[in-house]
Amino acid sequence: MASTACFVIVSKNDIPIYEAEVGSAPKKEDLAYHHQFILHAALDVVQDLAWTTNAMFLRSVDRFNDLVVSVYVTAGHTRFMLLHDSRSEDGIKSFFQEVHELYIKIFLNPLYLPGSRIASSHFDTKVRALARKYL
């Protein structure tokens with residue numbers, strides 16, 4: 001069975017800085033827009049939950065049909081959002097933690113301007129490899 005997964009990193013200013021369709025389902029452009037819309041709609045829920053809990057991994061914060069939005073919020077209020085149809089909560093948490101480590105490496109790069117798009121092909125390759133491993 002093909003899995004659907006869309007991963008987005010949103011800066012603290014609500015600007016998407018990285019996007020990837022990481023599922024094994026066939027990719028269609030109209031579905032990509034649909035996934036972005038679902039993730040964008042979940043931002044308000046994430047904003048409210050982020051201030052009411054100390055947890056970084058917020059689990060599933062929103063649902064649309066059979067798709068679930070899981071979120072990981074960093075200390076700097078950058079949100080890692082994953083739209084998926086899988087049930088492996090431990091795998092999703094491990095995926096978020098390892099992507100957070102990659103994000104910190106990008107963030108500490110003196111040539112990276114915080115809040116700008118992440119255009120590193122190395123980062124993209126690593127995120128996709130982590131998605132295949134955990135999702």
Side-chain angles (χ1 to χ4, degrees):
M1 183 173 123
S3 68
T4 299
C6 179
F7 176 65
V8 177
I9 299 177
V10 181
S11 71
K12 65 180 177 180
N13 299 326
D14 293 337
I15 300 170
I17 58 175
Y18 176 79
E19 299 176 33
E21 292 282 335
V22 294
S24 61
K27 292 161 182 56
K28 298 178 185 173
E29 191 170 331
D30 58 338
L31 279 180
Y33 292 131
H34 186 70
H35 294 163
Q36 290 172 1
F37 180 76
I38 294 168
L39 288 168
H40 182 46
L43 275 174
D44 290 334
V45 176
V46 173
Q47 184 79 19
D48 293 340
L49 282 174
W51 291 105
T52 60
T53 182
N54 291 332
M56 295 177 91
F57 179 51
L58 301 180
R59 292 184 170 69
S60 63
V61 295
D62 200 5
R63 292 184 184 280
F64 182 81
N65 294 338
D66 61 339
L67 299 174
V68 179
V69 178
S70 295
V71 179
Y72 183 92
V73 181
T74 68
H77 294 286
T78 300
R79 278 84 33 115
F80 298 168
M81 303 180 74
L82 181 67
L83 179 69
H84 59 92
D85 57 4
S86 65
R87 293 282 172 201
S88 173
E89 194 169 293
D90 291 335
I92 292 168
K93 185 175 182 178
S94 298
F95 170 75
F96 279 141
Q97 289 172 337
E98 292 205 26
V99 170
H100 188 200
E101 289 178 20
L102 290 173
Y103 175 73
I104 289 171
K105 290 177 184 176
I106 290 285
F107 194 77
L108 293 177
N109 183 343
L111 301 176
Y112 175 72
L113 180 65
S116 64
R117 289 193 66 79
I118 299 173
S120 168
S121 60
H122 179 71
F123 181 82
D124 186 57
T125 304
K126 291 279 192 175
V127 168
R128 291 178 189 279
L130 289 172
R132 280 191 301 276
K133 181 179 178 182
Y134 291 114
L135 303 179

Any sub-3.5 Å donor-acceptor pair from Asn109's side-chain atoms to Leu111's backbone N or O?
yes
Measure across Val46 and Leu58 and return the closest heavy-atom pair with its distance rounded to 0.1 Å.
CG1-CD1, 4.4 Å
Identify, with sequence neighbours excluded, every residue that meets side chain to side chain donor-acceptor pair (under 3.5 Å) alongside Asp124.
Tyr18, Arg128
Given 3.5 Å as the limit, does a donor-acceptor pair link the side chain of Thr53 with the main chain of Leu49, or not?
no
Is the distance from the ring center of Tyr103 to that of Phe80 below 6.0 Å?
yes
Would a hydrophobic clustering, with Ile, Leu, Val, Met, Phe, Trp and Tyr connected at side-chain separations under 4.5 Å, put Val10 with Val73?
yes
Would you compute the distance between atom OG of Ser116 and atom CD1 of Ile17 and round it to the nearest 0.5 angstrom?
7.5 Å
For a quick check under 3.5 Å, do Gln97 and Tyr72 share a side-chain donor-acceptor pair by atom type?
no
Residue Phe37 excluded, over 12 heavy atoms near CZ under 6.0 Å:
no
Salt bridge (charged side-chain N to carboxylate O under 4.0 Å, His left out) contacts in which one or both residues fall within residues 71-80, not counting sequence neighbours:
Asp14-Arg79
Can you find a heavy atom in the side chain of Val68 that is under 4.5 Å from one in the side chain of Asp85?
no
For His84 and Ser70, which I'm curious about, is there any donor-acceptor pair between the side chains at under 3.5 Å?
yes
Separation between NE2 (His35) and CG (Leu67), nearest 0.5 Å, reads 5.5 Å
Nearest atoms (heavy-atom pairs only) where Glu21 meets Cys6:
OE2-SG, 3.4 Å
